[in-house]
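For reference, the structure is listed below as structure tokens.
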Amino acid sequence: MDRLQVSGGIRLSGEVRASGAKNAALPILAASLLADAPLTIGNVPHLRDVTTMIELLGRMGARVTVGERLQVEVDARAISEPFAPYELVRTMRASILVLGPLVARHHEARVSLPGGCAIGARPVDLHVAGLEALGAEVRIEGGYIHARAGRLTGARIVLDTVTVTGTENLMMAATLARGRTVIENAAREPEVVDLAACLNAMGAAVSGAGTDTIVIEGRERLGGCAYTVLPDRIETGTFLVAGAITGGRVRVGGARPEHVDAVLGKLREAGAAVTTGADWIELDMQGRRPLAVDVRTAPYPAFPTDMQAQFAALDAVADGVSTIVETVFENRYMHLLELQRLGADLSLDGRTAVIRGVPRLSGAPVMATDLRASASLVLAGLVAEGTTDIARIYHIDRGYERFEEKLGQLGARIRRVSGPA
Ligand code: EPZ
């Protein structure tokens with residue numbers, strides 16, 4: 001298995017460009033199942049999770065063409081097998097996003113339950129309950145969701161927990177239902193807004209995306225379209241933290257500053273000078289050590305859970321004591337145990353991590369446990385003395401495009417090695 005070796009002590013500087021957002025590309029790829037014409041998607045990041053989704057669509061009978069310049073065309077008119085097998089779903093939970101489109105247009109689906117992952121149980125009960133509200137018959141058997149429906153019927157759905165892919169699944173299913181669907185307590189993430197814009201370009205009638213109430217007027221059919229995926233706000237935030245943790249100066253181009261307001265606020269609180277333009281963000285730490293900042297995650301537009309691990313690394317070397325409270329997932333603290341191996345001084349009290357910043361970390365072998373935890377270990381390695389050797393970095397390849405290459409552009413000394421640690 002591949003590992004990353006990071007040498008600490010380099011102050012990063014330079015510019016990188018944000019890739020397309022993984023968490024927008026995945027639902028938009030799934031939306032191709034709704035269309036009775038090909039969908040051409042631009043700015044698709046080249047990531048393991050995207051490859052898995054493309055493989056899943058292909059196995060179901062869709063014809064997928066990966067062009068150059070990150071363009072993917074999906075023709076899902078002829079689905080022969082509305083089936084998402086466990087062997088694929090367990091490697092990528094977002095496979096659940098094919099459920100709504102399959103039921104809405106192909107009237108049946110057999111999708112493996114995703115199962116849990118390192119950060120939590122990750123149930124899909126709200127996805128299932130919403131589809132039943134739209135008229136689907138759903139049975140859970142043998143680890144699979146078996147769903148059947150005639151034409152779905154619009155309904156008012158109240159989500160008792162804000163769920164991003166739950167909102168996306170139900171929004172997609174409702175586009176072909178008979179009549180109006182209202183989704184209350186909907187997720188407001190930019191990726192939900194991007195999906196809604198793509199669905200409307202396909203002929204759907206979705207309004208309110210980005211607010212907590214989304215209204216969908218069902219249509220008989222959806223056509224194809226050409227759509228370009230928005231930039232990845234979590235990748236953007238990760239590179240800005242790389243600049244902050246090393247005291248450097250980093251500019252992220254092709255970004256959407258308005259999608260990272262909460263993160264920019266915390267970076268400024270940590271002492272960074274942050275300037276923004278229409279499609280760029282520049283952070284200058286002016287060689288200073290970051291100040292400790294408290295973080296409490298919550299659904300968008302609050303501080304994103306997907307940036308929590310990165311800020312744990314920043315706080316580990318910050319001046320002062322900070323607290324981090326993860327409110328979205330029940331077990332998203334695995335990275336803390338690995339940061340301790342690098343010398344971080346922290347403790348976990350229930351859902352609150354207390355981090356006492358130390359002036360320096362020291363490199364050691366560590367292990368990635370989930371996507372964003374891997375990124376936080378790389379960030380810590382950038383400032384740890386000596387070399388930090390990170391195992392199981394396939395987690396990184398799921399969600400960051402050319403991660404070590406982009407960090408290398410900023411001056412980081414990082415290389416990928418193969419073989420056992
Ligand atoms: C999406 O996951 C993202 N993935 C996650 O990003 C992100 O961390 C998460 O939203 C929160 O922002 C994609 O978009 C592909 P949720 P999702 O449903 O939709 C509970 C990354 O790093 N819940 O919003 O699976 C759930 O247990 C990944 O890129 C239910 O109880 O997350 C959690 O506590 C990691 N029942 C909370 O809702 C349900 O049916 C939020 O989960 C669904 C969710």
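One-based numbering, in listed order, for ligands and for the atoms of each.
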Exercise. Has Arg251 got its NZ or CZ under 6.0 Å from the middle of the six-membered ring of Phe239, at an angle within 45 degrees of the ring axis?
Worked result: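 No, Arg251 and Phe239 do not form such a contact.
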
Problem set entry | NZ or CZ of Arg110 within 45° of Phe83 ring axis and under 6.0 Å |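 Yes; both conditions hold, so Arg110 lies above the ring face of Phe83.
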
Exercise. Pick one: which of Thr40, Asn200, Asp194 meets side chain to side chain donor-acceptor pair (under 3.5 Å) with Tyr227?
Worked result: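 Among the candidates, only Asp194 passes.
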
For this session: Working to the nearest 0.5 Å, report the span between OG1 of Thr165 and CG of Leu170.
Result: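 Rounded to the nearest 0.5 Å, the OG1-CG separation comes to 9.5 Å.
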
Exercise. Just wondering, more than 12 heavy atoms not from Glu330 lying within 6.0 Å of its CD?
Worked result: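 Yes, the 6.0 Å shell around CD holds more than 12 heavy atoms from other groups.
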
For this session: Anything with a heavy atom under 4.0 Å from ligand 1 counts, so go ahead and list those protein residues by chain and number.
Result: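 Answer by chain and number: Lys22, Asn23, Ala94, Arg122, Pro123, Val124, Asp125, Leu126, His127, Thr161, Val162, Thr163, Val164, Thr165, Thr305, Asp306, Val328, Phe329, Arg332, Leu371, Arg372.
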
Donor-acceptor contacts, no H, no angles, side chain residues 94-104, under 3.5 Å, sequence neighbours left out:
{"residue": "Ser95", "atom": "OG", "partner": "Met92", "partner atom": "O", "Å": "2.6"}

